[in-house]
Amino acid sequence: MAGLYPMVTARPLIIGPSTGLEAPYPLQMEGKVIHGFGRGSKELGIPTANLPVDDNLTPWIANIEPGVYFGWASLRLPPSHPNQPTTLSDSTTTTTAPETYSGFSVYPMVMSIGYNKFYKNTGRSAEAHLLHEFGADFYGVEMRLLVTGFIREEKDYAGVEELIEDIRVDCEVARKSLDREAWALRETGKGTLDGSWLVR
């Protein structure tokens, strides 16, 4: 019909070729989880684990495009943490962390790198949202991130509901993109991607 604008196409739910990662990925980042702005859980219902942004420790982050990325995260949770499995071999133990190696638990993740236009941050941040429900915070815990790809650029939003909806789509993109043999970690027995750095 005349005068109607074409429908906006939905965002793609899979990023990257089925054959696997493309340069410059994967990228590595590690550190101890620090306190962020406190908005992820309180305002958005989407908790994030923040790492310090240090160009000397993570040189690639100085020139990377601000935006949303996806990949894999590992945590070395303390024995007292409710999500730390007691043993991997005990078949009677119900674990909430799917894979554990050398004390590290592995999770898919999405992360924001940049200034977060909606909140108008003045300093860069690196905020990872692990696609798992945790029973407690884990500040001070060692975390490693294996960044496998770029989802989208940073955007500003008219309201918080739009931001939340975009983050939900980001999470779905990460899940679907990582659920392919060339993108799933070899260490989990489900893929061919080398994730040894995450768990060594």
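- Under a 4.0 Å N-O distance rule, the pair Glu153/Lys155 does not qualify as a salt bridge.
- Here the straight-line distance linking atom CD of Glu187 with atom CG of Asp194 works out to 5.5 Å at 0.5 Å rounding.
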_Full working for salt bridge (charged side-chain N to carboxylate O under 4.0 Å, His left out) between Lys190 and Asp179_ = CA-CA 9 Å; Lys190 300 172 185 173; Asp179 190 26; over 6 Å; no
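- Legend: residues meeting side-chain contact (heavy atoms from CB on, under 4.5 Å) with Ser177, ordered by chain and number and at least two apart, are Ile14, Ile15, Phe70, Val173, Arg180.
- Rounding to the nearest 0.5 Å gives a distance of 10.5 Å between OG of Ser105 and CZ of Phe138.
- Using a cut-off of 4.0 Å between Lys/Arg side-chain N and Asp/Glu carboxylate O, Lys176 and Glu172 are scored as salt-bridged.
- Aromatic ring orientation, His35 versus Tyr139: parallel (interplanar angle below 30°, classes split at 30° and 60°).
- In this structure, CG on Asn50 lies 6.5 Å from OG on Ser125, to the nearest 0.5 angstrom.
- One finds the CH2 atom of Trp183 at 11.0 Å from the OG1 atom of Thr192 (value rounded to the nearest 0.5 Å).
- In this structure, the side chain of Arg144 engages the main chain of Arg200 through a donor-acceptor pair within 3.5 Å.
- Distance check, rounded to the nearest 0.5 Å: CH2 of Trp72 to CG of Leu193 gives 8.5 Å.
- At a threshold of 4.5 Å between side-chain heavy atoms, the hydrophobic network of Ile, Leu, Val, Met, Phe, Trp and Tyr places Trp197 and Trp60 in one connected group.
- Under the 4.5 Å side-chain criterion, counting only non-hydrogen atoms from C-beta, Asp170 is in contact with Arg11.
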